[in-house]
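All remarks here apply to the structure that follows.
Residue numbers run from 1 in the order of the sequence given. None of these values were measured; they are calculated from a predicted model. Hydrogens, waters and symmetry mates are skipped; everything else that's a heavy atom, side chains included, is used.
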Amino acid sequence: VLRNVHQAFRDGAKQVMVTDLEKDRLQSGNQYGYYQVEKPDSELLGKAMALLEEEEQEAVRELCRMTEGQDWYVAVQTEHLLACL
């Protein structure tokens, strides 16, 4: 998970949605390397979905159906890393 999150940030992401399908190891507020995970804000998620094309929205909905029952989190870079840049 961390490798994919790190690459997404290197590619310019400001936030990355993550879930752990294998062991449910992620917990809101925990820091993993240079990233912290939090429960997503549903209002912001709705606004983000509205920006996607219909095809992209359907792909996101399908992913959510496939991971039903799993908790999703938003990974953000911690201030420590941002201060070092």
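Rounded to the nearest 0.5 angstrom, Lys39 NZ and Gln27 CD are separated by 10.5 Å.
Hydrophobic clustering keeps Val37 apart from Trp72 (ILVMFWY residues linked when any side-chain heavy atoms are closer than 4.5 Å, directly or through intermediates). Hydrophobic clustering (side-chain heavy atoms under 4.5 Å, transitive across Ile, Leu, Val, Met, Phe, Trp, Tyr) keeps Leu44 apart from Met17.
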### Query
Could you walk me through whether Glu55 and Glu58 pass the side chain to side chain contact (heavy atoms under 4.5 Å, CB included) check?
CA-CA 5 Å; Glu55 218 172 78; Glu58 185 52 41; 6.0 Å; no

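Within a 6.0 Å sphere centred on CZ of Arg10, other residues, nucleotides and ligands contribute 12 heavy atoms or fewer.
Under the side chain to side chain contact (heavy atoms under 4.5 Å, CB included) test applied with Val18, the options Asp71, Val74, Leu26 reduce to a single match, Leu26.
Clustering of Ile, Leu, Val, Met, Phe, Trp and Tyr by side-chain heavy atoms under 4.5 Å joins Leu21 with none of the others.
Two rings, from Phe9 and Tyr34, have their centers 6.0 Å or more apart.
In terms of modelled atom types and a separation under 3.5 Å, the side chain of Gln36 and the main chain of Thr78 share no donor-acceptor contact.
With contacts defined as side-chain heavy-atom distances shorter than 4.5 Å, the pair His6/Arg3 does not qualify. Between Val60 and Glu56, the closest side-chain pair of non-hydrogen atoms is not below 4.5 Å. Using a 4.5 Å cut-off on side-chain heavy atoms (C-beta onward), Tyr73 and Asp20 make no contact.
For Tyr32 against Arg25, the heavy-atom pair with the smallest separation is OH-O, 3.2 Å. Minimum heavy-atom separation, Arg61 to Met49: NH1-CE, 4.1 Å.
A salt bridge links Glu62 and Arg65; the closest N-O separation between the charged side-chain nitrogens and carboxylate oxygens is under 4.0 Å.
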